[in-house]
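A quick write-up on the structure given underneath.
Each chain gets a letter, A, B and so on, in the order its sequence line appears, and its residues count up from 1. Heavy-atom basis, side chains included; hydrogens, waters and symmetry copies ignored.
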Amino acid sequence: MFTGTGGSGNTGSIKTVPLARSKLPIDTAALARYLIGKMLVRELPEGMASGRIVETEAYVIGDAAGHAFRGMTKRNRSLFLERGHAYVYLAYGSSYMLNVSSEKPGIGAGVLIRAIEPLQGIEIMRLNRGIERLRDLARGPGRLAAALRIDSALDGVDLCREGPLWLGHREDEPGEIGQSVRIGISRDAHRLLRFYLRGSPFISGRRSLNE
DNA sequence: AGTGCGATTGACT
DNA sequence: GTCAATCGCACTA
């Protein structure tokens, strides 16, 4: 249990190794499901902040709701990197979103990380967010990015090696994974491309989407 | 150059 | 439940 002593102390209490790129499914929807239960790790000057991924969405090849739909632009170029790289962009002028590129190099598709269960560096996240309540620290893509201080400086980083931001394994298996429509989109809105850890209090979305 | 619109959030009725 | 903030990008002219 973390007691929030304000100092360094959290590093090392959770052992994690980076995800191997070769193990990542070469398919966006499969990757979105695969990432549920994996660790998202942020290395900051104050220490580590990390959590377990509990909610993702797939933006697949040819998806009218995906940012890559109209081809590569200055903003979305990281979506076209080999799978396992970060695509970070600013939504609504105020919230950063973290995606994981998901296909072969040159193909634009990605997985949006929508929520994590905070596990390490919780006091760092509280300071980054300016709120106390654990459940709300990283519930939602913009909140998650704020909690982990993720911004466009991290666009394009390799998430399969230790560094400022990376993905890690956990020993345990995730629980039951639910599936629903994606949140907040209008095009291709019926597709069941949102994945979440069923029963987790740290996922976003209306009650009816989370059953 | 101008316009419209989000892969959201937080404040408010 | 409703609604405005806020800004980069796509699209039109």
Any side-chain N or O of [X] less than 4.0 Å from the OP1 or OP2 oxygen of [N]?
X         : N       : answer
Arg194(A) : dA7(B)  : no
Arg77(A)  : dC9(C)  : no
Thr73(A)  : dA10(C) : yes
Arg114(A) : dT8(B)  : yes
Arg143(A) : dG10(B) : yes

Of the options dA7(B), dT8(B), dC9(C), whose atoms approach the side-chain atoms of Arg75(A) most closely?
dC9(C)
Tell me which nucleotide among dT8(B), dC11(C), dA7(B) gets nearest to the side chain of Arg70(A).
dC11(C)
Could you go through the side chain to side chain donor-acceptor pair (under 3.5 Å) check for Glu117(A) and Ser200(A) one step at a time?
CA-CA 8 Å; Glu117(A) 173 184 347; Ser200(A) 170; 5.0 Å; no
Between [N] ([atom2]) and [X] ([atom1]): distance, integer Å:
X         : N       : atom1 : atom2 : result
Arg187(A) : dA10(C) : CZ    : C1'   : 10 Å
His67(A)  : dC11(C) : NE2   : P     : 13 Å
Arg207(A) : dG1(C)  : CZ    : P     : 13 Å
Phe69(A)  : dA7(B)  : CZ    : P     : 13 Å
Ile185(A) : dG6(B)  : CD1   : P     : 11 Å
Arg133(A) : dT9(B)  : CZ    : C1'   : 15 Å
Tyr59(A)  : dG6(B)  : OH    : C1'   : 11 Å
Leu144(A) : dG10(B) : CG    : P     : 13 Å

Say whether [X] and [Y], considering side chains only, have a donor N or O and an acceptor N or O under 3.5 Å apart.
X         : Y         : result
Arg194(A) : Asn210(A) : yes
Thr28(A)  : Glu103(A) : yes
Ser204(A) : Arg114(A) : yes

What's [X] touching, base or sugar-phosphate or nothing? Going by heavy atoms closer than 4.0 Å.
X         : value
Leu112(A) : base
Arg129(A) : sugar-phosphate
Asn76(A)  : nothing
Arg182(A) : nothing
Ala65(A)  : base

Report the base-pairing partner of dA7(B) (Watson-Crick or G-U wobble, both distances below 3.5 angstrom), or none.
none
Base partner of dG2(B), which must satisfy Watson-Crick or wobble distances under 3.5 Å:
dC11(C)
Less than 6.0 Å separating the ring centroids of His67(A) and Tyr89(A)?
yes
Among Val100(A), Leu19(A), Thr16(A), exactly one meets side-chain contact (heavy atoms from CB on, under 4.5 Å) together with Lys38(A). Which residue is that?
Leu19(A)
